[in-house]
Chemist: 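One structure follows; several queries about it will come next.
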Amino acid sequence: MNAPTLGQQRNQKRKIEILEAALAVLSEDGYGHASMDKIAERALLTRVGLYKHFKDKNTLILALRAYKLGQLAEQVSRALAPIPDFETKLRTVVSQTLLYQQHNQGFFRVLLSSSFSHDFAVDFAIKPFIHTIEAVFQLGLEQGVIKIAHPLEYAGLLTTLVFEPSIKRAFIPIPNDFEPPSHLAELISGVFLHGVLL
């Protein structure tokens with residue numbers, strides 16, 4: 001595979017700048033009120049310039065979701081790489097995912113609010129993250145330390161549990177400075193491990 005050209009690298013860098021600008025606007029105005037004009041302005045582009053990169057708001061949102069959830073999968077994968085055992089890997093998935101949510105609260109508000117739009121009913125941006133977790137459960141099966149039949153189902157269940165702080169922020173009126181309890185990672189890990197360990 002050929003390395004990306006300087007032009008391709010520049011284009012990719014510009015797309016990421018646009019996605020970060022879009023995230024700022026979407027976080028401030030909400031999914032329903034954020035306009036392409038305001039996103040273009042925040043990205044220091046004309047409206048026409050923005051449309052050269054993204055044909056519409058839905059395309060931009062899909063790209064943003066893929067970009068940020070891809071970052072989450074990469075962060076978790078990097079943290080898992082040196083860890084040999086299932087239990088420590090599972091605890092690391094939980095702690096790293098909670099940490100990522102804490103530092104990306106605006107994105108998770110956008111993710112959850114846009115998820116209820118019919119335009120995003122089939123969006124596979126979460127798949128790399130779920131497959132990362134699935135590989136952890138697969139390792140547990142290979143090491144003979146867990147008792148599950150379908151690693152992918154458990155990966156989906158753990159994803160739901162570990163996104164709890166973002167789900168709470170999206171659907172329950174809580175103060176902006178709310179922080180999940182410090183023991184939340186241990187609570188989620190402990191509950192999950194109790195159910196799957198032999």
Chemist: Does the side chain of Q71 come within less than 4.5 Å of Y100's, by heavy atoms?
Modeler: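 Y100 reaches Q71 side chain to side chain.
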Chemist: Would a line drawn from the ring center of F137 to the ring center of F192 be shorter than 6.0 Å?
Modeler: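 Centroid separation for F137 and F192: below 6.0 Å.
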Chemist: Mind checking whether F129 and Y67 sit in one hydrophobic cluster, side chains of I, L, V, M, F, W, Y counted as touching below 4.5 Å?
Modeler: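 In one cluster: yes.
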Chemist: Can you tell me how far the CE atom of M36 sits from the CZ atom of R47, to the nearest 0.5 Å?
Modeler: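 M36 atom CE to R47 atom CZ measures 7.5 Å (nearest 0.5 Å).
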Chemist: Count I, L, V, M, F, W, Y as connected when their side-chain heavy atoms are under 4.5 Å apart, and connections chain through other members. Are I83 and L90 then in the same cluster?
Modeler: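 In one cluster with I83: L90, no.
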Chemist: Can you get from L111 to L99 by hopping between Ile, Leu, Val, Met, Phe, Trp and Tyr side chains that sit under 4.5 Å apart?
Modeler: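 No: no chain of side-chain contacts under 4.5 Å links L111 to L99.
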Chemist: Using side chain to side chain contact (heavy atoms under 4.5 Å, CB included) as the criterion, list what pairs up with V48, not counting sequence neighbours.
Modeler: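 By the side chain to side chain contact (heavy atoms under 4.5 Å, CB included) rule, V48 matches T46, K52.
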Chemist: Salt bridge check: are E20 and R42 linked by an N-O gap of less than 4.0 Å?
Modeler: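 No.
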Chemist: Who are the ring pair (Phe, Tyr, Trp, His ring centres under 6.0 Å) partners of F108, not counting sequence neighbours?
Modeler: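 Result, ring pair (Phe, Tyr, Trp, His ring centres under 6.0 Å) vs F108: F163.
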Chemist: Hey, any chance L152 and L139 share a hydrophobic cluster, counting ILVMFWY side chains that come within less than 4.5 Å of each other, even indirectly?
Modeler: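 In one cluster with L152: L139, no.
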Chemist: Going by heavy atoms in the side chains, are V162 and V93 under 4.5 Å from each other?
Modeler: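 Not touching, per the 4.5 Å side-chain cut-off.
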Chemist: Say whether Y154 and E134, considering side chains only, have a donor N or O and an acceptor N or O under 3.5 Å apart.
Modeler: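 Distance-only check fails for Y154 and E134.
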Chemist: Start with the C-alpha distance between E186 and R91, add both sets of side-chain angles, then the distance that settles side-chain contact (heavy atoms from CB on, under 4.5 Å), and finish with yes or no.
Modeler: CA-CA 8 Å; E186 185 53 42; R91 291 179 187 281; 2.8 Å; yes
Chemist: Report yes or no: is the cationic atom of K89 (NZ for Lys, CZ for Arg) under 6.0 Å from the centre of the six-membered ring of F86, at an angle within 45° of the ring normal?
Modeler: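 No, cation not above the ring by the 6.0 Å, 45° rule.
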Chemist: For the OG1 atom of T5 and the CG atom of N11, what is their distance to the nearest 0.5 Å?
Modeler: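 One finds 9.0 Å between OG1 of T5 and CG of N11.
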Chemist: Give me the atom names and distance for the closest heavy-atom approach of A155 to I130.
Modeler: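 Where A155 meets I130 most closely, the heavy atoms are CB-O, 3.6 Å.
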Chemist: Nearest 0.5 Å, please: how far is OG in S113 from CG in L26?
Modeler: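 Rounded to the nearest 0.5 Å, the CG-OG separation comes to 7.5 Å.
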Chemist: Heavy-atom count check: over 12 atoms from other residues, nucleotides or ligands less than 6.0 Å from E41 CD?
Modeler: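 At most 12 heavy atoms, drawn from other residues, nucleotides or ligands, come within 6.0 Å of this atom.
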Chemist: Is any side-chain heavy atom of K13 less than 4.5 Å from a side-chain heavy atom of R10?
Modeler: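 The answer is no; the side chains never approach within 4.5 Å.
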Chemist: Restricting to salt bridge (Lys or Arg N to Asp or Glu O under 4.0 Å), what partner residues turn up for K38, sequence neighbours left out?
Modeler: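 Listed in chain order: D29.
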Chemist: Could you grab the distance from atom CG of L187 to atom OG of S182, nearest 0.5 Å is fine?
Modeler: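 Here the rounded value is 11.0 Å.
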Chemist: To the nearest 0.5 Å, what is the distance between CG (L60) and CZ (R65)?
Modeler: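 The distance works out to 12.0 Å.
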Chemist: Applying a strict under-4.5 Å side-chain criterion to I, L, V, M, F, W and Y, I'd like to know whether L44 and I39 cluster together.
Modeler: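 Different hydrophobic clusters.
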Chemist: Between K15 and Q12, is any side-chain donor less than 3.5 angstrom from a side-chain acceptor?
Modeler: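 Distance-only check fails for K15 and Q12.
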Chemist: Set out, in order, the CA-CA distance, both residues' side-chain angles and the distance that settles side-chain contact (heavy atoms from CB on, under 4.5 Å) for L158 and I188, then state yes or no.
Modeler: CA-CA 9 Å; L158 183 58; I188 293 171; 4.1 Å; yes
Chemist: What I'd like to find out is whether the side chain of L69 reaches to under 4.5 Å of the side chain of P128, using heavy atoms alone.
Modeler: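 L69 does not reach P128 side chain to side chain.
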